[in-house]
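Here the structure comes first, spelled out in structure tokens, and everything after it is commentary.
The chain is numbered in sequence order, starting from 1.
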Amino acid sequence: MTIRLTTLAEQLEPPRIRCGVCQWRCELEPDQIGRCLVRSATTEGIVALADGLASAATVGPIEDHRLWHFFPGTPALAIGGWGYAFPADQQRGQYARIPEDEARRRSLDPDRVASVALERLCRGVIWTYSEPAVAHEYVTDLLRTCRANSRYTALVTTGFMTMEAIDQFGHYLDGMQIEIRAFDDGAYRRLAGIDHWRGILEVAQHARERWNCEIEITTRMHPGVNDSVDQIQGLASWIQQALGPQTPWHVLAGDAGTAAAASVARVRKIAREVGLHYVYGPDANQSTFCANCGATLIERKNSARVVGLEGPNCATCGTLSGIRTSIFKR
């Protein structure tokens, strides 16, 4: 694909220009690379160096990506590119930098992605493996093309994107799995390498309210870092108030050992006391039950199977479940 200029950029005092896809909002001069390592300034504007490049593509159940209330039991084509927004991820992740080996720089046209999804009988397409914000142009094209082919669309993200970016995604976006790593300045600095994290919460709430995206949250518990009672109660209360009590929260053990497992158990207990209906631990085989009558809505035994839904409602008592099964936004 031809490298193109991003529309989400602001010309400052020449020759500086500000990139507007992620919350770093890097101010760059020609030939400077942004904090994401995959966007660069030129004399004409900001270019995405990995535009149109795919790092990985797989087919599997949507549940593999911790989207459990989003078209349950359906196969999805998962695709990703290159680049992360967080310094901590760049140090650990395998998709942080565009490979020097030309053989690994694989172009994948959005039309081809949609065709593969149809050929492989995938119900939807999900961007994962890398941060969607830093591949904004490619991801927007991908979402638009796949949505036009009646595939559902979703993102796995840190949420560290700008409002301008989510508003361009939102027209074609059905769901988001957002990793919220902590509810504290020091903890977020340690786990992600950033100081300003509350913009992530604003993006999640905006996506829910403005674009009616299905939002699911994941948090990995690190004992002594993000598992204090204050943080747990704060994050659980924010999810309940900003996104709604039906929002699924996936709580995983970020560290090995009994301390992390105990943290997960404590989070689940507190979250339910706060009023969240669906709080899941790390086990893959956790069924979903109606928050009102307790009937099984989705059975998970190595695979997910809808057993107790009529549309989005519990088939037993009629309570709205919040589970999305239609590509038509209400």
Side-chain angles (χ1 to χ4, degrees), residues 22-23 62-72 74 76 78 85 123-128 131-133 139-140 143 147 151-183 188 192 197-220 232 234-252 267-268 271-272 274-281 286 288 291 297-298 304 309 312 320-330:
C22 87
Q23 293 181 29
I62 188 65
E63 286 79 12
D64 285 355
H65 307 283
R66 294 286 167 183
L67 282 163
W68 286 15
H69 288 212
F70 183 78
F71 298 88
T74 62
R123 188 68 184 85
V125 174
I126 180 170
W127 181 276
T128 182
E131 174 56 47
V139 174
T140 301
L143 298 177
R147 203 60 173 73
R151 304 300 91 183
Y152 65 66
T153 61
L155 305 175
V156 175
T157 175
T158 64
F160 201 64
M161 62 186 73
T162 62
M163 287 296 187
E164 299 95 313
I166 191 60
D167 280 343
Q168 289 195 4
F169 288 155
H171 297 278
Y172 323 105
L173 182 62
D174 297 304
M176 297 175 72
Q177 165 55 255
I178 302 178
E179 184 181 17
I180 298 182
R181 302 192 178 183
F183 210 72
Y188 238 107
W197 55 275
R198 290 189 177 272
I200 294 169
L201 309 184
E202 294 171 2
V203 164
Q205 186 171 1
H206 182 72
R208 182 73 184 92
E209 293 177 352
R210 173 66 180 87
W211 298 109
N212 194 24
C213 283
E214 162 70 13
I215 305 291
E216 303 200 24
I217 303 297
T218 290
T219 304
R220 300 178 187 276
I232 295 168
L235 181 48
S237 296
W238 175 81
I239 294 172
Q240 196 274 344
Q241 295 167 15
L243 303 179
Q246 295 174 332
T247 303
W249 189 12
H250 302 267
V251 186
L252 311 180
V267 172
R268 298 184 73 183
R272 291 189 177 115
V274 167
L276 294 183
H277 296 169
Y278 306 109
V279 187
Y280 298 104
Q286 299 171 79
T288 297
L297 304 179
I298 305 170
L309 287 175
L320 184 66
S321 68
I323 297 168
R324 176 160 294 182
T325 58
S326 170
I327 64 171
F328 298 105
K329 295 188 179 184
R330 292 176 174 83

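You'll find the ring centres of Tyr280 and Trp68 inside the 6.0 Å limit. Between Phe183 and Trp197, the ring center distance clears the sub-6.0 Å criterion.
Between atom OH of residue Tyr188 and atom CZ of residue Arg198 there is a gap of 10.5 Å, rounded to the nearest 0.5 Å. Atom CE of Met176 and atom SG of Cys213 lie 6.5 Å apart (nearest 0.5 Å). Separating the CD1 atom in Ile166 from the CD atom in Glu164 is a distance of 11.5 Å, to the nearest 0.5 Å. Here the OG1 atom belonging to Thr157 is positioned 9.5 Å from the CD atom belonging to Glu179, to the nearest 0.5 angstrom. Between Ile180 atom CD1 and Ile200 atom CD1 the span is 7.5 Å, to the nearest 0.5 Å. How far OG1 of Thr162 is from NE2 of His206: 10.0 Å, rounded to the nearest 0.5 Å.
Contact of the Leu243 side chain with the Ile217 side chain is registered, since non-hydrogen atoms from C-beta on lie closer than 4.5 Å. Ile323 has its side chain within reach of Pro72: a pair of non-hydrogen atoms, C-beta onward, lies under 4.5 Å apart. Taking the side chain as every heavy atom from C-beta outward, Phe160 and Val203 never approach each other to under 4.5 Å. Within the 4.5 Å cutoff, side-chain heavy atoms of Pro245 are placed close to those of His277. Residues Thr247 and Glu214 are not in side-chain contact: their nearest non-hydrogen atoms beyond the backbone lie 4.5 Å or more apart. Using a 4.5 Å cut-off on side-chain heavy atoms (C-beta onward), Ile239 and Leu276 make contact.
The two residues Asp174 and Thr153 make their nearest non-hydrogen contact at OD2-N, 3.0 Å. Between Pro132 and Val156, the closest heavy-atom pair is CD-O, 3.5 Å. Contact between Ala207 and Ile215 at its shortest, heavy atoms only, is CB-CD1, 4.1 Å. In terms of heavy atoms, Leu235 sits closest to Thr219 at CD2-OG1, 3.6 Å. When all heavy atoms are compared, the tightest approach of Tyr278 to Ala291 is OH-N, 4.3 Å. In terms of heavy atoms, Gln246 sits closest to Gly322 at OE1-CA, 3.5 Å.
With hydrogens and angles disregarded, a donor-acceptor distance shorter than 3.5 Å links the side chain of Gln286 to the backbone of Gly281. The main-chain N or O of His69 is found under 3.5 Å from a side-chain atom of Glu216 such that the two form a donor-acceptor pair. Listed for the Arg268 side chain is a donor-acceptor partner under 3.5 Å among the backbone atoms of Val279. Thr288 places no side-chain N or O within donor-acceptor distance of the main-chain N or O of Ile298, the cut-off being under 3.5 Å.
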**Q.** Intermediate values then yes/no, side-chain contact (heavy atoms from CB on, under 4.5 Å), Trp249 and Val267
**A.** CA-CA 10 Å; Trp249 189 12; Val267 172; 3.5 Å; yes

Q.
Could you walk me through whether Arg220 and Val251 satisfy the side-chain contact (heavy atoms from CB on, under 4.5 Å) test, starting with their C-alpha distance in whole Å, then the side-chain angles of each, then the deciding distance to 0.1 Å, before giving a yes or no?
A. CA-CA 6 Å; Arg220 300 178 187 276; Val251 186; over 6 Å; no

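The residue from Phe328, Phe71, Tyr172 that alone fulfils the ring-ring contact (aromatic ring centres under 6.0 Å, His included) condition with Tyr152 is Phe71. Paired with Thr218 under the rule side-chain hydrogen bond (donor to acceptor under 3.5 Å, both in side chains), one option of Arg181, Gln177, Arg66 passes, and it is Gln177. Applying the side chain to side chain contact (heavy atoms under 4.5 Å, CB included) test between Leu155 and each of Thr128, Ile126, Leu173 identifies Leu173 as the sole match.
For the side chain to side chain contact (heavy atoms under 4.5 Å, CB included) test, residues two or more places apart in sequence or in another chain that qualify with Ala133 are Cys22, Glu131, Met161.
With hydrogens and angles left out, the side-chain atoms of Gln205 and Glu209 include a donor and acceptor closer than 3.5 Å.
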